[in-house]
Structures are given as C-alpha cells and as structure tokens.
2 protein chains.
Amino acid sequence: MSIDDVAAEAGVHRSTVSRAFSRPEAVNPTTRQRILEVAESLGYQMSPLAQALRRKTSNLVPLIVPDITNPFYGELAKTMATAAAGKGYQLVLCVTDGEVAQTSGYLTALQGMYAPFGIVAPSTSVDLDELQSVALGSRVVVVDRVEKANVPTVTVDSAEGIALAVDHLRGLGHRRIAYVSGISGTYTSRDRLAAYEGLAEKLEMPATILDAGTGPEVGERAAELFVDMPREQRPTAVIAANDMVAFALISSLGARGVSIPGEVSVMGFDGLELGSRSNPRLTTVRQPIADMGAIAIDLAEQLLNDGEAQHVVLTPDLLIRASTAEVPR
Amino acid sequence: MSIDDVAAEAGVHRSTVSRAFSRPEAVNPTTRQRILEVAESLGYQMSPLAQALRRKTSNLVPLIVPDITNPFYGELAKTMATAAAGKGYQLVLCVTDGEVAQTSGYLTALQGMYAPFGIVAPSTSVDLDELQSVALGSRVVVVDRVEKANVPTVTVDSAEGIALAVDHLRGLGHRRIAYVSGISGTYTSRDRLAAYEGLAEKLEMPATILDAGTGPEVGERAAELFVDMPREQRPTAVIAANDMVAFALISSLGARGVSIPGEVSVMGFDGLELGSRSNPRLTTVRQPIADMGAIAIDLAEQLLNDGEAQHVVLTPDLLIRASTAEVPR
DNA sequence: TTGAAAGCGGTACCAA
DNA sequence: TTGGTACCGCTTTCAA
C-alpha cells in the first residue's frame, strides 16, 4: 500500500497525492477530496520512514533519562509521552543509568534517525557544553536542570520551593530544620541545597545538612546521623532533597523506631503521586510535572523555529499531607 | 556523510561498501579492511532509516505499557531497554493509559515504521485475539499476562508465588490470611486471586477477599473493610495483589492507626525496589523482573525465526523484609 | 569478488 | 493546479 497505489486508483500522479496530504491548499479541492477518499478506502498510511528519509526530519524524539525506574522520571516520561503524542511525535526511550557517555551516544544514534530534537533529563554529571558538541546536541531541551544560556530549559524554582517548605514547617513551630541531601548530589539536589542554605542564612536559622548516602542504602546514613545526635540537638523537621529520598529516610527512621511525624516531621520535594500511598502520606513541595512535558515540547519547537533558547521556570506549590506536624514539646 | 562518500574515498562501488558491513564474508578481506578504515576515519554511520526503508524492517520496537508512572512498569521498561539496546533495538515508548484502542493504534503506527515486533504489557481488558488482528499484532510478545496459545508470553507462576506467601505467613503462625485484590482487576491480579482461592480451599483455610478499590483512593476501601470488622474476626495477615496495592493499603491502614506488622502483617507481590524504601519495608513475593526483558526479546526473535510462540513461566521467590511478623497473641 | 541498476516510499522543484 | 523527474541513503539481484 504505497503512494503510487493511491495515485493510480485516484487517477492522478503520486506528487499530487503527496501534496494532498502535506500541502492541501496547493491542490484542487475536488481532486483532494477524491484522493482522500481513495486513500481512506484503501486504508493507506503514509510511511513515516520514507517521509523522514526524504525530508531529513522524522517524528522520533529521544527522551533521555538516567533511570526510568525512579517514579519521578516515570511521571516525567508520562507527561512527555502525552505531549509528544499530541504533536505527532514518538518518544524513543533512552535510559542512561547516569552514564554521561550514553547520553551523547543516544543523541548521535537518534540523529541518524533524523530526530528533530531531543529531550534530556540529565543525570548529575552531564556537561551541557559537552552535550551540545554532539550533532543533535544543539537541538535539545533540558528538563529539571538549571538554566544554561543557549539550551532551552524547563525547571522549577528551587528557592521558592524551599521557602514554601520552610514556611510550612516554621508555621508548625519548627526551628531546627535540617536538609537531607540527595543521591550522589543530583543537580536539582544541589540547587535545592543551595536554596536551603541561602534561606537559613537569611532567616538566621541554623543550617544542618544530613547526607542520605548513595545506592540502595539511601536514607540509612541520614537516619544514623539523626539518631546519633543528642535528642535536644536533633532537628525537629527535615526537608529531603526529593520525594524518593524522603521515602527512604522515613523508611530508615521507621526501622530505628523514630516516629513520623511524632518525633520528626519529614518533607519531600517533587510531589509524586506515590506520596499519597506512603506511610505516613508525604507532605511535599509539588513540581508541576504535568506541565513540564507540554512546555518542553513547545520549547523545542520554538528552538527549531526561531533558534531561540528560552528558559521556563515553573512555580511549585505545597502539598500538605501527613508527614509533618506541630513541633513536639 | 553517506555510503557514496565512503565508496568514493575507498575507490569502490557503494554496493561493495554495503556488503562490507552487512555481509562481510562476501567481500575481499583487504578491500573490506580498507572500507572499514575509510568509514571509520570519515566517521561514517549507516542510516538506519534508509536501511529500514529498503529492508522493510527496522530496529524500532514498541514497548506498550498501560502506565509508565507505575514503578512496576518502570522496572520492566528498564530491563527491556537494557535487553533491547544489547541487540541493537531502540524502544519506542507507548503509554496506553489502559485504553485498549491505543494499543492497536500504536501497533499499526509502529508497523508503518517497519517495527520487527512489539512488546506488550497489556492492561486489564486488552483482548489478545483482537490484538493479533492488527498487522503487527501477530509479531508481539506479551509480558505479565497468562498464556495464550499463539502469542509468546513471559509470566511468573502466580500459584507458586501465592504459595510462597502463604507458607511464609503460616510459618509465622497466621491462620486468617486475607487477599486484597488489585486496582480494577488487573489481569495478574485476577490470576493471583484465583491462586489464593485455590490454595485456601486446598488448605481448608477461610478465604477472605478485600477489595482495595480503584483510582487514587486505592487501599482505602480495604482498610475500611478491615477496621470495620470485629477484632477477633480480622485477618492477622493480608496478601496484596501487588506491591503498589500493598503500599496503598499500608498507607491507609497507617492513617487509621493500625500498626504494621504489629496488628496485621502485609505482604506484597512483585518485589519492587521501592519496597526497600517503604515504611515498614515490604515483605513480598519477587518476580524476576530483571530476566523478563531479555527473555521477552529472545521470544520475539524466536517467533520471527521459527514462527514458534513459546511460553516462559518464571519462578518467583520470597523477599522477607519488615512488613510481616509473628501473629500477635 | 565487484559493479551496475532498479527500487523502497516518499518530497520538492521545475515545467506545462 | 498538475505531472515529471530527480533524489533521500541503502539493499539486492544480475552480470561481468
């Protein structure tokens, strides 16, 4: 079932059929109508491959994430998939396991497929300059990573988020509020940490940083640090670098008999759906993940059209659930 | 950078270059060596698109999942991605939101891309016969769904898994063991439920089924049912249809002040990584998700080669963590 | 073992 | 507005 079959059946030339689809206004309405009907009746589907080969641009968009197992990237992938599908793109799933080399590998591979652009949710150490050096790299939008001049980015305001969290906790009477840093210092984790430190200074609040550790043992280190502190010095609340760290921390704290929010309030950052199924349900700063997909695609298209690299910074909000409570007295 | 550039530079015909890559034995070793070197020095990459167009088969493999947000599918996707990458396939992410129509839609779309086969983790209601009626449908392997004669499948033994769970709980002294059914009756959920009922009968154990409800409120219904029962009738342990249901249940139970595993032991089924970050850490039946990806790809390739639809049934094992304990007395 | 030529399924420019 | 034609980058059959 190719374009020639339709052309023959409709009694026109293949080029006319082609136009009927790609530039409808350039063909006689009557003719077009006939072509469309014939195509319909023949069940004709245009070959995206042939089209891409000729046009030198496909509808294949690489989505590069460090770890699709992580629900944050899962939620991100979902919104991306929805947004992409709406614009006729197909998402090619590229999982890097946090390895930098893979990112550029995928990008060049997908460029061979004439991918029009790529979406990258970079792991820690991806150097954006390096990224741009690979061919597709100059047509990439970066999600969940702070601004970089000539690469479009969509992020959430860390300072705002941390302020929301700290406000909430102070409103509950907390004064010793610690920050639990994320797995191997994710980029956002660092950004949020900086926001926390900045705010602590501004508020003249003591800044305590607990390291959650890495790997499958996340949360263990921070929990150890916590229980090893003399009671009266312990923070009464902690803000985790992200929801996953918060879950891990709560788990480790729970295993040590620390009750939440009875003894410590714990806040996350991300607003994962999962937080409504945790024990206790997680109070957290919510990123508008649902918007990020659509925005990322828009930014990509803008980049292609105007060559303009825009930066969109989204505003987070508070999701108050059950892991925070008034400071114990 | 096309095949002709390499040909020119190496002083041979394009067809020879083509052969040098695809049928190395059909070209003079010396010539081939030269071609390879030239290609290397020119940084030549073959166009997968052009190749696919001509060969009528690509390396694009649709991975169809109902919800990538669910960590189970996330873990599945990860192993698939790894297995696929190892064989030179690219995974195209297709999220169906549980809508049947989408599945066949994706399949036909990807067939237009000459996808050699597809991987489907079907949602509840996908009819496998219906699935096979669409073009690509006859070259599909199904994951996480019981056998169907002419479609290759890879699944885990539900009966074995439930037996493992029940054994574990009975070993801890539990006699009233309930089953909490999953979200809108997933296929595996039903399969596991049947296994539970079968085993209960065999063991002459009372079978209690708690419905976890649907949507964002999962777990709520079961938790209500549970607390509404008179204490002495309450199950002392429950087996959830899957880990996500277990998390939700624990969350809802926790919100009602029921302590786990103090008052009830809760078991999951899946073995998600997430279970090591829950509170309490989840005792569960583990599916060898990591193997499923590689096996699925193998089955697909076998199907293409021999036309044979194999069924692989994997054996689950027990992951004992902290959500189960001896029956309270 | 290598080259020539046709074709995969489209697009786009040029002419009519 | 339509048709003709060349070409995108590669594969494959047929001859040499």
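Naming convention: chains lettered A, B, ... in sequence-line order (proteins, then strands); numbering from 1 in each chain.
- The phosphate of C:dT2 (OP1 or OP2) has no side-chain N or O of B:His13 nearer than 4.0 angstrom.
- Across C:dT11, D:dC10, C:dT2, the shortest atom-to-atom separation from the side chain of A:Met46 is found for C:dT11.
- For B:Thr31 and A:Ser2, each mapped to the nucleotide of DNA chain C holding its nearest heavy atom, the one lying further toward the 5' end belongs to B:Thr31.
- At the heavy-atom level, B:Ser22 lies nowhere under 4.0 Å from the strands shown.
- For the pair B:Arg34 CZ and C:dT1 P, the interatomic distance rounds to 15 Å; values are reported in whole Å.
- Between A:Gln51 and C:dT11, a side-chain N or O to OP1/OP2 separation shorter than 4.0 Å is present.
- Between A:Arg145 and A:Asp191 there is no salt bridge, since none of the side-chain N atoms of the basic residue sits less than 4.0 Å from a carboxylate O of the acidic one.
- Among the protein residues, B:Val17 comes within range of no part of the nucleic acid, since none of its heavy atoms lies under 4.0 Å from any strand.
- A distance-only check finds a donor-acceptor pair linking the side chain of A:Ser58 to the backbone of A:Tyr114 [under 3.5 Å].
- Among the nucleotides D:dC10, D:dT13, C:dG10, the one closest to any side-chain atom of A:Arg54 is C:dG10.
- The side chain of B:Tyr114 contributes no N or O atom lying less than 4.0 Å from OP1 or OP2 of D:dC10.
- Judged by distance alone with a 3.5 Å cut-off, a donor-acceptor contact links the side chain of A:Arg14 to the base of C:dT11.
- A cation-pi geometry, defined here as NZ or CZ lying under 6.0 Å from the six-membered ring centre and within 45° of its normal, does not hold between A:Arg139 and A:Phe117.
- Using a 4.0 Å cut-off between charged nitrogen and carboxylate oxygen, A:Asp5 and A:Arg14 do not count as a salt-bridge pair.
- Remark: B:Thr16 is not in phosphate contact with C:dT1, judged by side-chain N or O atoms under 4.0 Å from OP1 or OP2.
- OP1 or OP2 of C:dT11 lies within a sub-4.0 Å distance of a side-chain N or O belonging to A:Ser18.
- Each of A:Leu49 and B:Gly11 was matched to the nucleotide of DNA chain C holding its nearest heavy atom; the match closer to the 5' end belongs to B:Gly11.
- Within a 6.0 Å radius of CD in A:Glu301, other residues, nucleotides and ligands contribute more than 12 heavy atoms.
- Among the atoms of the strands shown, base atoms are found under 4.0 Å from some heavy atom of A:Ala26.
- Each of B:Leu53 and B:Arg23 was assigned the nucleotide of DNA chain D with the nearest heavy atom; the assignment lying further toward the 5' end belongs to B:Leu53.
- In this structure, A:Phe21 reaches neither bases nor backbone, as no heavy-atom distance under 4.0 Å exists between it and the strands shown.
- OP1 and OP2 of C:dG7 both lie 4.0 Å or more from every side-chain N or O belonging to B:Lys56.
- Considering only side-chain atoms of A:Ser15, the nucleotide from D:dT1, C:dT2, D:dG4 that sits closest is D:dG4.
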